[in-house]
Each structure stands twice: as C-alpha cells, then as structure tokens.
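Input: a single structure, listed below in structure tokens.
The model shown is predicted, which means the values in this text are computed figures rather than measured ones.
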Amino acid sequence: MATTVNVKLSRSNRIYRSSEPVEGKIVIKSPTSISHGVIRLSVNGSVNLQVRGGSAGVIESFYGVIKPIQIVKKTIEIRTSGKIAPGTTEIPFSVNLREPRENIVEKFYETFHGTNINIQYLLTADIPRGYLHKPLSATMEFIIESGRVDLPERPIPPEMVIFYITQDTQRHPLLPEIKTGGFRVTGKIATQCSLQDPLSGELTVETSSVPITSIDIHLLRVESIIVGERIITETSLIQSTQIADGDVCRNMTLPIYVLLPRLLMCPSVFAGPFSVEFKVCITISFKSKLAKAQPKSDPTAPRLWMALERLPLELVRTKRDQFSC
C-alpha cells in the first residue's frame, strides 16, 4: 500500500465565509513510518481570467496575457520536522483567510466557475521528505460565500418583470407560416432573486397558429474582461430547463421553477478588470420540418422556427442564505 495524503475539511459542503477560519485535518495513511520536514498548509485564492483566441473577434496574441488577480495567498506551518507512525495519522489545522481587523471583505469574491472567469480557493498540504523521497502533497478546493454584514434581507417579493412574446418582438426572421399566422405568449419572471431561491415565474400561450413543440428556460452567463483598452464579452449557456413538451393548451398558466446551480453562478459581480452578469432566455420552438433537418447546437441561437426573449437576471446573496448551510 502506497503512502497517501488527503485534506479533509470540517464542513462536508466546504462552504466558508472570509471571516471564518477554515478548519479540517490532514489525513496521512502509510504502511510504514516516514520521516518528514516541516509540514505546511497553503491557502491560495485567485481570479483567473482567460480570453480565448478568436473569442468575440479577439486576436490570438491576447491569449494568456492576463495575469490572475490574487485574492489571498498565505502559508502556515502545521507541524515541525519529525516522523509519522505507520497507519492513519490525522493532523488538525485551522487557518484564517484574513486577519480580524482587516476590512477587505469586498475582495473575497464568491467562488465561481465560468467559461473565461474562474474564482477559486484552494488548500494545499505539502509534506517534504528529503532528497531521496518524493514529497507528498494534496489539494482541496473550498467554497467562499459572501461574509458581508450589510447583505440585504431576502427580496420579498422578488422583482417580477412582465413579458410578452409575439412575432413582432422578434429581431430575427421567422418562417412565413409563423410570421403570418402569429402567436402571443405572455408571462412574468423574476429578474432579481436570491441564490438560494429558485428562479420563478409563469407563462401562458394565448394564441399560436403553428403547433408548439417545446418551451425552454435557459440560464446564461455574461463574462466581461478588460484587455488593454478593450472590453471582451462572451455569453455562454449554463443550463437549460424544459417547462413544456409538445403543443400546450392555450390560455393555461405554466409555472416556471428553475433551481440555480451554485458553482456555476454567483452574485452578480462588477469589479474593475472583470464582471460577471446573468441572463435568462425564454425560447419557444414551433413545429417545423426544417428544425429536424438542422443539427442541434446553441439552443439560444436565433432560428427560423424559434421565438426568443432575453431578460437580465440579477443574483444576490441575502442574510437568509448565510445560514442555509
């Protein structure tokens, strides 16, 4: 059996605030006793920005020139040099992300995994073993959520926006039978909601001359990065939720209820060198032979047999969310 090392956090969900100590254990399993140097634990939090060559017309020379934004970087000693006995050894640790008097909560952006922007916090345990032995190392990601004391209460009720979708609201061409026959879909949806709450609303198909095949709700992220004197923006799909399959009854209210994926979404961020925003896209697909012949790609891209409506979505962290874990 080979010697292994793992980092085990005190919280199974791995969620912490920047004002809280991150606690856990370094678990070492070894069939024999091993000698080691000073055992250290490193904390590294950063915003990693990437602009892919060709993205939004960006030339490839921009690729890789953006340096990560350091949020936190510190190393502490967990144990002095010595020996570890055979079997399982657990070494407890506790590390403060910031000092109690530091008023820098704002720079601790929440964990987020996007297409071009990644906000990540990592714990790394390093166990040196001298020149003749390979050092042992283990890394664990933990999740940061806002620790600000001035967070708003839960939005009650969430801000609802009334929308209507017709052939006249579309900015792209439609099939002649859809354009001339007409359709009208109305409803309301939350454009501001807490990260712990589902995206909610309702939708009603009032009229449609062409049968409907599907109604879907798509969550989109809009990532913007400042590169030199340019602002590079890219919109990408997070997840899709179908709320109707087939031709729905007219004038029947359909509920909209979409759970938000935590790691792929965060409170809307407007920082200096980057921003993370979100949108919700409602798509209505009509019955068409052309749709079957076309390959499926971006479900939010304009198509001749589809009607679209995009609305901004502001995500917020509330005080209620702080106690959800």
Side-chain angles (χ1 to χ4, degrees), residues 5-27 41-50 68-76 78 92-100 102 104-126 137-152 154 193-199 219-223 236 238-239 258-271 274-278 313-325:
V5 57
N6 292 289
V7 176
K8 185 177 181 180
L9 296 175
S10 60
R11 299 178 182 177
S12 59
N13 59 13
R14 299 178 290 141
I15 298 176
Y16 295 86
R17 325 293 177 211
S18 63
S19 58
E20 298 174 331
V22 179
E23 300 176 333
K25 299 176 182 178
I26 300 174
V27 181
L41 185 73
S42 301
V43 181
N44 194 338
S46 61
V47 182
N48 298 299
L49 308 176
Q50 172 182 289
I69 300 172
Q70 199 72 48
I71 299 175
V72 58
K73 186 176 183 179
K74 61 169 57 179
T75 301
I76 61 172
I78 302 299
F93 65 82
S94 177
V95 55
N96 293 319
L97 300 179
R98 61 184 181 88
E99 298 305 318
E102 285 184 298
I104 52 173
V105 180
E106 290 78 7
K107 84 169 188 177
F108 279 86
Y109 306 111
E110 293 205 11
T111 298
F112 170 72
H113 297 315
T115 302
N116 295 330
I117 299 173
N118 273 283
I119 306 174
Q120 193 171 36
Y121 298 84
L122 300 173
L123 278 175
T124 301
D126 291 304
S137 180
T139 299
M140 169 68 72
E141 179 183 12
F142 63 99
I143 301 167
I144 285 293
E145 291 186 352
S146 179
R148 295 180 57 172
V149 297
D150 59 344
L151 291 176
R154 178 185 177 187
C193 63
S194 164
L195 280 162
Q196 284 296 121
D197 293 333
L199 176 66
L219 296 177
L220 309 174
R221 59 186 161 223
V222 183
E223 301 170 81
S236 55
I238 299 175
Q239 76 173 26
V258 179
L259 298 177
L260 305 179
R262 169 58 189 95
L263 291 181
L264 303 181
M265 307 186 82
C266 66
S268 302
V269 179
F270 298 94
F274 71 96
S275 67
V276 181
E277 302 171 75
F278 301 93
L313 176 62
E314 181 185 1
L315 298 179
V316 299
R317 175 73 59 193
T318 65
K319 288 183 180 179
R320 185 181 68 91
D321 299 342
Q322 288 188 318
F323 304 99
S324 61
C325 61

*Excluding sequence neighbours, so at least two apart, what forms side chain to side chain contact (heavy atoms under 4.5 Å, CB included) with P261?*
L219, I238, Q239, L264, M265
Does [X] use its side chain to pair, donor to acceptor, with the backbone of [Y] at less than 3.5 Å?
| X | Y | value |
| --- | --- | --- |
| Q50 | I117 | no |
| N96 | R98 | no |
| K107 | V72 | no |
| E277 | V222 | no |
| E141 | L122 | no |
| S46 | P68 | no |

How long is the straight-line distance from [atom2] of [Y] back to [atom1] of [X], given to the nearest 0.5 Å?
| X | Y | atom1 | atom2 | value |
| --- | --- | --- | --- | --- |
| S194 | L315 | OG | CG | 8.5 Å |
| F142 | Q120 | CZ | CD | 10.0 Å |
| L260 | C193 | CG | SG | 5.0 Å |
| T75 | D126 | OG1 | CG | 8.0 Å |
| R317 | Q196 | CZ | CD | 6.0 Å |
| N116 | L49 | CG | CG | 9.0 Å |

Test item: [X] and [Y] side chains (from C-beta on) under 4.5 Å apart, heavy atoms:
| X | Y | answer |
| --- | --- | --- |
| S275 | V269 | no |
| V27 | V5 | no |
| R17 | E20 | yes |
| I71 | I119 | yes |
| I26 | F93 | yes |
| F270 | V276 | no |

Within the 3.5 Å criterion, strictly below it, is a donor on [X] or [Y] matched to an acceptor on the partner's side chain?
| X | Y | result |
| --- | --- | --- |
| T115 | R221 | yes |
| Q70 | N44 | yes |
| T124 | S42 | no |
| S10 | Y16 | yes |

Looking only at heavy atoms, which two atoms of [X] and [Y] are closest? And how far apart?
| X | Y | answer |
| --- | --- | --- |
| L259 | P198 | CD2-CB, 4.1 Å |
| N6 | A138 | CA-CB, 4.0 Å |
| I144 | T111 | N-OG1, 2.9 Å |
| V7 | M140 | O-CE, 3.2 Å |

_L123 and V22: CA distance, side-chain angles, deciding distance, side-chain contact (heavy atoms from CB on, under 4.5 Å) verdict_ = CA-CA 9 Å; L123 278 175; V22 179; 3.7 Å; yes
*Under the ring-ring contact (aromatic ring centres under 6.0 Å, His included) rule, collect the residues that match up with F112, sequence neighbours excluded.*
none
*Tell me, please, which residues at least two apart from F278 pass ring-ring contact (aromatic ring centres under 6.0 Å, His included).*
none
*Verify whether the ring centers belonging to Y109 and F274 lie closer than 6.0 Å.*
yes
*Are R262 and E110 close enough for a salt bridge, meaning some N to O gap below 4.0 Å?*
yes
*Please test K74 against V95 for side-chain contact (heavy atoms from CB on, under 4.5 Å), starting from the C-alpha separation and ending with a verdict.*
CA-CA 9 Å; K74 61 169 57 179; V95 55; 4.0 Å; yes
